[in-house]
2 protein chains.
Amino acid sequence: MTNRSQMTRPATRPTMKQSPDGSAKRTRQHLPAAERERQIVEAAADFFAEHGLEGQTRELAKTLGITHSAIFRYFPSKEALIERVYDHVFLSRWDPDWRGLLSDRSQPLEQRLIRFYHAYAERIFDAQWMRIFMFAGLKGHPMTNRYVSLIRTQLIRPACGELRAELGLPTLASLPITAREEEAFWALHGMVFYLGIRKFIYGMRTQGDQSQIIADDVRALLAGAPFILRAACGTSG
Amino acid sequence: MTNRSQMTRPATRPTMKQSPDGSAKRTRQHLPAAERERQIVEAAADFFAEHGLEGQTRELAKTLGITHSAIFRYFPSKEALIERVYDHVFLSRWDPDWRGLLSDRSQPLEQRLIRFYHAYAERIFDAQWMRIFMFAGLKGHPMTNRYVSLIRTQLIRPACGELRAELGLPTLASLPITAREEEAFWALHGMVFYLGIRKFIYGMRTQGDQSQIIADDVRALLAGAPFILRAACGTSG
DNA sequence: GTCATTTGTGACCGATTGGTCATTTGTCGT
DNA sequence: ACGACAAATGACCAATCGGTCACAAATGAC
């Protein structure tokens, strides 16, 4: 479980008051609405990542030291809270600069892909992202489709174009992209993504240098891809 | 959603009786205990695969045309039913012959891996397997760990040994396996597995010839693996 | 300090949940 | 045809769920 929440959340532990009998007792704490809302979303992201989207609001509230009624002051329904969690976890974790990085022909494609997947893994390899994404996918949430489209238009297809250029093959504009060459880069994506699955869904402890592994993955694919692309472009299937 | 259940389940549609007023009315159906139990497990596999392990027993019962009380005649608790579903879905979907196939040096490793992953995909690429496995993983069920161990001992490590043999590198017995070379084959596994994720978790419609894709994946990895293995064996890291 | 504002509480609601059990009803041997 | 046994039902239970609301209690402006 990530500790990001505890690190970014300001230290607002409930004040303690001394009871007449001497026992410490936490008093009710009133936070500014905006701050409390932030806290709830962040805590909900951790909570739903761990317990699934069916986790109870009462238990979530307990991790915040409030009652579940308080949550409904900020969100009209649990579903609305979950949508906010989606936004919080997924929105703008995709760096628009990555699109430029992939097309930067001043460095070899191998280097670009290694740099990209290094940065990408850095962004999405945590329990919040990986697990909530899986929960959402299993639930059939449309967010999943939006994400897949993003990957295809911003990563897979550009990468196909770049590899064609590096191999001196026709451009995507002149020769339509084939399913087979798209699949080559989906394969690379799967290699990296599966690292995250093993770690955050299977709960395997990671072994080996992740940067090394990602670099190996990229090099392996680029070693085999020329054969695939030349065949795919030749037979167009 | 797979139709396997409907195909293997015998045609035992409830008998219809004519009511006095002329409307058709289904009568109560008494099945032999063993047969009903089989039906419940198979229906539960489909049901939980679609709705998740938190799906209600009442709804599951509805798909069988019985009441949820009947389920508890055969299973002491919902949890017990789920365990039975795990067994039904996962047990003996791993073909022990695969271990021999991987070590059959009468054919090149490329062919062996392609044949293996073709058969493997055939077995696990359905909604029951893929989705229930993900649900179980997210839940932290120990079955996941057992599965990963199986893959490692029966697939990853043997494959590493075979590739070393094909490249004329030291045997696993003489030079310990490294995390880096294991990761090479986890990468291949991830490529194939991610195909299933896209199809059954993301709900993407498949495009392209799956056999072709798997063959491309294997060839790509084997094209890049020699570099990885030689480096890993040389530096032992 | 005082008081209005607004944050948070706790009791409550109705629907849903897994699970139980006395009763009903199909099925099969005779 | 008929009884005995097993299979299935439906009413019921207690716990849990998301959500509401009247009220209590911090907080900040003055």
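Quick note: numbers below take in every heavy atom, side chains included, and nothing from hydrogens, waters or symmetry partners. In the text below, chain A, chain B and the rest are named by the order of the sequence lines, each starting its count at 1.
Here the straight-line distance linking atom CD1 of B:I40 with atom CD of B:E35 works out to 10.5 Å at 0.5 Å rounding. To the nearest 0.5 Å, atom CZ of residue A:F90 and atom CG of residue A:L150 are 12.5 Å apart.
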I'd like to compare against my own output: the B/S/- annotation of nucleotides 6-16 of chain C with a strict under-4.0 Å heavy-atom distance to protein. -BBBBBB---S
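Judged by distance alone, the side chain of B:R58 and the main-chain N or O of B:H68 form no donor-acceptor pair under 3.5 Å.
By the side chain to side chain donor-acceptor pair (under 3.5 Å) test, A:S103 is found to be paired with A:R99, residues two or more places apart in sequence or in another chain being considered.
Going from atom CG of B:L60 over to atom P of C:dG19 covers 13 Å, rounded to whole Å. Atom-to-atom, CZ of B:F72 to C1' of D:dA6 comes out at 20 Å; the value is rounded to the nearest Å. One atom, CZ of B:F75, and another, P of D:dA7, lie 13 Å apart when rounded to the nearest Å.
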Let me check I have this right: for DNA chain D, each base becomes ., (, ), [, ] or |, based on Watson-Crick or G-U pairs with both distances under 3.5 Å. What is the full string? ||||||||||||||||||||||||||||||
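For residues 148-160 of chain B, the pairs satisfying side-chain hydrogen bond (donor to acceptor under 3.5 Å, both in side chains) are B:R157-B:E182, with sequence neighbours left out. Every pair passing salt bridge (charged side-chain N to carboxylate O under 4.0 Å, His left out) that includes a residue from residues 185-212 of chain A is listed here, sequence neighbours excluded: A:R198-B:E183. Within the structure, the salt bridge (charged side-chain N to carboxylate O under 4.0 Å, His left out) test picks out the following pairs touching residues 74-91 of chain B (sequence neighbours left out): B:E37-B:R84, B:E79-B:K139.
Crowding of A:H51 atom NE2: a count of heavy atoms from other residues, nucleotides or ligands under 6.0 Å exceeding 12.
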